[in-house]
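Sequence lines set the chain letters: A, B, ... in the order given, protein chains first and strands last, and positions in each chain run from 1.
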Amino acid sequence: MTAGLYAARARLNTRLMEKISPGGQVLTTDWVDNYPGFPEGVSGFELVDRMRKQAERFGLEIVRGEVTRLSREDDWILVHMTESTLRTRAVIVATGTIPVKLGIPGEIEYTGKGVSYCATCDGPFYRGVEVAVVGGGDTAVEEALYLTRFASKVHLFHRRDQLRATGILREAVTTHPKIQIHWSTVLTEIHADDRKLVRGVTHLDLKTGQTGQLPVEGVFLFVGQTPTTSFLQGFLELAPGGYVDTDLEMATVQPGVWAAGDVRSKVLRQIVTAAGDGATAAFNAEKYIETRFGYSHAPKTTGAPAGVAS
Amino acid sequence: MAGDNVLHVSDAEFDEMVLKSDIPVLVDFWAAWCGPCQAIAPTVEELAGEFVGRIRVAKMNVDENPKTPGKYGIRAIPTLIVFKGGQVAEQITGAVAKSQIVGALDKVL
Ligand SMILES: Cc1cc2nc3c(=O)[nH]c(=O)nc-3n(C[C@H](O)[C@H](O)[C@H](O)COP(=O)(O)OP(=O)(O)OC[C@H]3O[C@@H](n4cnc5c(N)ncnc54)[C@H](O)[C@@H]3O)c2cc1C
């Protein structure tokens with residue numbers, strides 16, 4: 001979205017292609033506490049809404065559609081979508097990540113029936129019951145804390161014996177009266193009743209080898225994210241794990257193609273870093289279009305950056 | 001805001017408006033506090049226009065209407081269910097691309 005804002009403000013003819021709704025993962029975030037400019041924090045939904053309005057003020061055109069493939073035709077890049085194809089001079093890939101699946105029995109079958117990847121969306125369905133959270137990073141810990149508003153008890157399962165989450169979150173979660181942490185313990189199966197509603201989990205203690213069962217009604221999985229890059233296969237060589245490598249200017253190895261946000265190989269995946277990447281990518285795309293093709297900042301030039309999502 | 005083609009249905013009206021409908025009904029279970037629900041709302045509205053006369057499109061607020069979501073075991077929103085002849089024909093959880101919803105609708109038609 002930030003790439004779109006900068007590119008549109010630079011008066012490039014810019015289109016943002018989004019398959020679901022602009023805003024991405026931020027829409028699933030209840031409260032954003034670490035984006036600068038909001039001293040009290042801001043809801044994910046409001047932050048997205050503000051970014052979108054700001055970008056649209058500069059003329060960003062948001063198109064709903066899924067990009068299925070990119071290809072090259074001389075100095076043009078073709079953005080293939082389900083129903084149409086766009087010819088453009090520059091593309092910024094900002095397709096982010098999606099949650100990793102745990103891969104245990106019951107997970108896929110009972111998604112939406114007790115298995116969830118979004119506490120903000122589904123937390124309120126678990127008033128007064130026990131739930132399980134799996135993971136040890138910031139997201140898992142934040143969501144475990146959020147779920148204490150509804151659940152009678154939150155079981156946090158972590159496969160290691162210490163949390164990866166930042167200090168302030170670690171402290172909050174280890175001292176919270178409603179949260180019980182199961183160290184070095186993994187889930188091996190999710191059980192449901194005959195209505196296919198989750199009723200419990202089987203867990204395995206990696207140190208002692210002991211298994212046990214817990215009667216939870218919700219299982220929230222936050223075991224990492226994986227980049228949305230399958231549409232780039234055959235066009236861009238991807239880094240291990242499927243991320244897109246760029247240089248410090250956000251350029252990929254394909255001329256005319258930049259990447260920004262969580263989809264990139266980098267250390268810190270946050271809204272503020274994604275926005276920073278987006279600005280850098282759009283700035284460089286603009287310079288590239290200007291020097292390489294001689295388009296000046298005239299609006300409505302054909303072929304300008306197409307910020308692929310966010 | 002729902003467009004003209006989208007009905008708002010309550011627990012009390014569910015039987016009459018959804019289960020007894022002569023054409024399939026897509027019900028979008030949502031709540032005000034759910035970001036992804038806002039995300040797919042425009043898609044649902046578009047579909048109501050595109051499938052008008054063939055599929056009825058309804059929205060149910062799960063906060064105001066706890067009974068129906070309970071009956072169908074809904075524990076995640078947005079959940080989209082296509083009812084055909086009073087039965088669950090298709091079910092989709094989470095904000096998904098429009099093409100996936102269209103696929104589900106095409107299947108029941
Ligand atoms: C639960 C949770 C809580 C978080 N909390 C915080 C927080 O408090 N503070 C913070 O700074 N960060 C937080 N983050 C991280 C933050 O959300 C991400 O760093 C940020 O959203 C990355 O933005 P992005 O634009 O790179 O990717 P995304 O937000 O993932 O957006 C990618 C977009 O691309 C679209 N897309 C993907 N493929 C295609 C395609 N082929 N065609 C068209 N569109 C496509 C997707 O639909 C999506 O909208 C949180 C993440 C999660 C999951």
Response to the item:
Cut-off 4.5 Å, heavy atoms of chain A, and the answer for B:Q100 is neither
Worksheet item: With no hydrogens and no angle check, do the side chains of A:D122 and A:S116 hold a donor and an acceptor under 3.5 Å apart?
Response: yes
Worksheet item: Is atom NZ of A:K178 surrounded by more than 12 heavy atoms (other residues, nucleotides or ligands) closer than 6.0 Å?
Response: yes
Discussion item. Quick one: does any side-chain atom of B:T79 pair with a main-chain N or O of B:T93 as donor and acceptor, under 3.5 Å?
Written reply: no
Worksheet item: Can you say whether A:V198 sits under 4.5 Å from chain B via the side chain, the backbone, both, or neither, judging by heavy atoms?
Response: both
Worksheet item: Given a strict heavy-atom distance threshold of 4.5 Å, which part of B:V62 is in contact with chain A: side chain, backbone, both, or neither?
Response: side chain
Item to complete: Would you kindly say whether A:Q213 and A:T202 are connected by a side-chain donor-acceptor distance under 3.5 Å?
Response: yes
Fill in: A:Y117, part contacting chain B, at a heavy-atom distance under 4.5 Å
neither
Discussion item. Please classify the contact of A:E217 with chain B as side chain, backbone, both or neither, using a heavy-atom distance under 4.5 Å.
Written reply: both
Worksheet item: Does A:Y146 have its ring centroid less than 6.0 Å away from the ring centroid of A:F220?
Response: no
Worksheet item: B:I40, B:D63, B:T43: which one forms the most heavy-atom pairs within less than 4.5 Å of chain A?
Response: B:T43
Worksheet item: What residue in B:P66, B:P42, B:C34, B:G73 has the most heavy-atom pairs under 4.5 Å with chain A?
Response: B:G73
Practice prompt. Return yes if a side-chain donor-acceptor contact under 3.5 Å exists between B:D11 and B:T68, otherwise no.
Written response: yes
